[in-house]
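See structure below.
A note on names: the letters A, B, ... follow the listed sequences, proteins ahead of strands, and every chain is numbered from 1.
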Protein chains: 2
Amino acid sequence: MIKKKISIKDIAKLTGTSITTVSFVLNGKGRISKEISKKILDVAQKNGYEPNRMAVGLRTGVSKVIGLIVENIGGPFFGEMAKVIEEEAEKDGYRIIYCSTNNNLQKGKDMIRMLSQQLVDGYIITPMKGLEKEIRSLVDNEKPVVLIDGYFPGMDIPHVLVNNYESAYAAVSCFVKSGYKNIGMVTANLELVQLNDRSAGFKAALKDHGLKDNSKMVFKVPYDMSKADGVTAIKEFIGRQKRMDALFFTTNYLGTMGLQAIRDLGLDIPGDLAVISFDDNEIFNLYPPGITTIQQPTYEIAKSAIDILMEQINNHKLDASKIDLQIPSKLIERGSTRAKVTA
Amino acid sequence: MIKKKISIKDIAKLTGTSITTVSFVLNGKGRISKEISKKILDVAQKNGYEPNRMAVGLRTGVSKVIGLIVENIGGPFFGEMAKVIEEEAEKDGYRIIYCSTNNNLQKGKDMIRMLSQQLVDGYIITPMKGLEKEIRSLVDNEKPVVLIDGYFPGMDIPHVLVNNYESAYAAVSCFVKSGYKNIGMVTANLELVQLNDRSAGFKAALKDHGLKDNSKMVFKVPYDMSKADGVTAIKEFIGRQKRMDALFFTTNYLGTMGLQAIRDLGLDIPGDLAVISFDDNEIFNLYPPGITTIQQPTYEIAKSAIDILMEQINNHKLDASKIDLQIPSKLIERGSTRAKVTA
DNA sequence: TTAAACAAATAAAACGTTTTACCAAATGGT
DNA sequence: ACCATTTGGTAAAACGTTTTATTTGTTTAA
């Protein structure tokens, strides 16, 4: 009982009208009498007519699909993003096609090329170093693009992300306020502007609070390290420290590895080591005594991104004021930054 | 410097050949001489020709896109799935379009309808009660479909999921082995076959181990409850129990709520209450003393699903209807099911 | 030689829309 | 009564492919 898809032509035949008339009625375009309109709509309804998206895509050049290129669709941050983006896009009748780059440059390039086969009407991309040319080319070809979670310094491509610099700064201030002065940092060995901004905010805060910037207390975990190896590396790093009483993790992922390291070392939080991690997470809420985190405004970021993209798609010209959107994070204070008890 | 997309027609003009010839060469179809072939390929290459997927889709009826309909693309389980599915599909040149139903029936129906506008070549769907008719109709129209994480009892639609019954059974056995005899269960108030199977396995195991099936020790959290309310409800439930010494959570989500409840009540794990939760997770690994979990074989499920789907898409006359793939889970034993110390 | 087979290339139809340009009939103004 | 406008409707082109059927030479078989 396979029923062939019904087309606009069939409806025309069924109602004794022309293809044009049917198309006009269905799109509310031309001027067609009430009665004919009604008849056509009835027939369309009854037969479950759905336009062939390929055909309208071919004809109009609009696919009603937007491409989402993220680091890892499976990750908590990007997954949440993806969900919001989907929900918002759907309101305008757009569907989402996605792909994960896993921070692999070639994959990113490939994806952009694939999607640009006029398959998508716009892009939301988490940028990575090396992708500048490809993305620039999209923009030059007037494809709507919004970057999330990062940007290209010096390039006027609209982007929305958390205020990384200020957030890291705030983390340090939080430590200081609670009496911690020997503050270390664990970050990733990746050339990402987000991470650089966080590091910069961290260092600036140390300086402003009159703390010495001891680079021995900064550790960069190699990105390609397995989770287990990462934990060991962090353990060794912590072990090497003499005076460190607080540790800042620039990433969700690093934070949980760090927690495991600290647990394995049998250290007390915050007695032996106060902790703050970027990216809030169920773990950080649950894990005793509660880990203070910098909560990214995932929803706002995603919402803004899709809004800006839609504006470009619809208006076709972009409001420059929205080019650099840095959304404030929220510092969630928990037990891991309880005021220090001085012995 | 907007460069218009180059088409097959342009290449024909550029090489002084015909559209057909170019198409043949590009697809390796007809019989065209070496020299002309070479010339065409060169020109295509040089101008960065990419076929217009809309046109191809319209003509051939193949979109090279598959639709993924899950409960929540942002969730850990489905997110991981999505990633694997994407990676595997890409090997065959397929892209993924996704949407989250949030267990909303109408949304699921809408999505299936939207995607069936010949936009996608196949579907991977997490089924929900009420979607039977729509999915059946897809299958009847010879659209390749694979269900994941659930199935429709009595309907011959290929599906792949974890062996829920046996997994829950194993959880009970694990409790018993460690000396826990008064075992409760927290599940969700949702008509999902996965949950029913887990409950059934749980009950059967109780029976087989000669334990009485005390339905007072089973709690169903209303699905629409907020996280906070859920935690309170679970706290109350635990508070009502007199003899319960072990608790089984049928879901990741419930497990973390449960952990919070137990922590808030100040109970010791496993001293006061042993715990097992479905769906392994970073939290369960980290949270002291480590929570025993049933780890779903996410990778295998996703891989199998996409494999089965691809086989349907390619073979076209493959009878996959009888496929019932139940993949074994792995019980990860941690501190929360340490052998009971009898007072 | 001539018909038959074959090789290389192409014309044209089709996929299902949207949209421009046009037409016929009715209406209106003077 | 006559031109101008409006109203309701349609034919046909175009979007960029794939594919069938055909054409035009060139070999081969007899």
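B:D121 places no side-chain N or O within donor-acceptor distance of the main-chain N or O of B:V62, the cut-off being under 3.5 Å. Of the possible donor and acceptor atoms, none in the side chain of A:T101 sits under 3.5 Å from a partner among the backbone N and O of A:K107.
Partners of A:D42 under the side-chain contact (heavy atoms from CB on, under 4.5 Å) rule, at least two apart in sequence or in another chain, are A:K38. Residues satisfying the side-chain contact (heavy atoms from CB on, under 4.5 Å) criterion with A:R59, sequence neighbours excluded, are absent altogether.
Atom CD1 of A:I112 and atom CD1 of A:I69 lie 4.5 Å apart (nearest 0.5 Å). B:N72 contributes atom CG, which lies 10.0 Å from atom OG1 of B:T126 (distance to the nearest 0.5 angstrom). For the atom pair CZ of A:R113 and CG of A:L138, the computed distance is 12.0 Å after rounding to the nearest 0.5 Å.
A:S7 comes within contact range of the sugar-phosphate backbone alone, with a heavy-atom separation under 4.0 Å but no base atom that close. Among the heavy atoms of the strands lying under 4.0 Å from B:T60 are primed sugar atoms or P, OP1, OP2 only; no base atom is included. Here A:S23 lies in heavy-atom contact (under 4.0 Å) with a base.
Contact of the A:L192 side chain with the A:K129 side chain is not registered, since no non-hydrogen atoms from C-beta on lie closer than 4.5 Å. For the pair B:F78/B:D149, a side-chain contact is recorded, criterion being any heavy-atom separation below 4.5 Å from C-beta on.
For the pairing with A:I308, the side-chain contact (heavy atoms from CB on, under 4.5 Å) check across A:I323, A:I148, A:V146 returns one residue only, A:V146.
D:dT10 atom P lies 14 Å from atom CZ of A:R31, rounded to whole Å. Counting to the nearest Å, the P atom of D:dT10 and the CD1 atom of A:I8 are 13 Å from each other. Remark: P of D:dA11 and CZ of A:F24 are 12 Å apart, rounded to the nearest angstrom.
No more than 12 heavy atoms of other residues, nucleotides or ligands lie within 6.0 Å of CD in A:E35, so this atom counts as exposed by the packing criterion.
Protein chain A touches strand DNA chain C; the 5'-most and 3'-most nucleotides with an atom under 4.0 angstrom of its non-hydrogen atoms are C:dG16 to C:dT20.
Remark on the helix from C:dT1-D:dA30 to C:dT30-D:dA1: inter-end axis angle 50°, axes from five-pair C1' superpositions, rounded to 10°.
Of all the residues in residues 33-44 of chain A, A:S33, A:I36 reach under 4.0 Å from DNA chain D with at least one non-hydrogen atom. Near DNA chain C, meaning a heavy atom under 4.0 Å from it, residues 49-56 of chain B has no residue at all.
Checking B:K5 against A:N141 by side-chain atom types alone, no donor-acceptor pair falls below 3.5 Å.
Between B:K303 and B:E300 there is no salt bridge, since none of the side-chain N atoms of the basic residue sits less than 4.0 Å from a carboxylate O of the acidic one.
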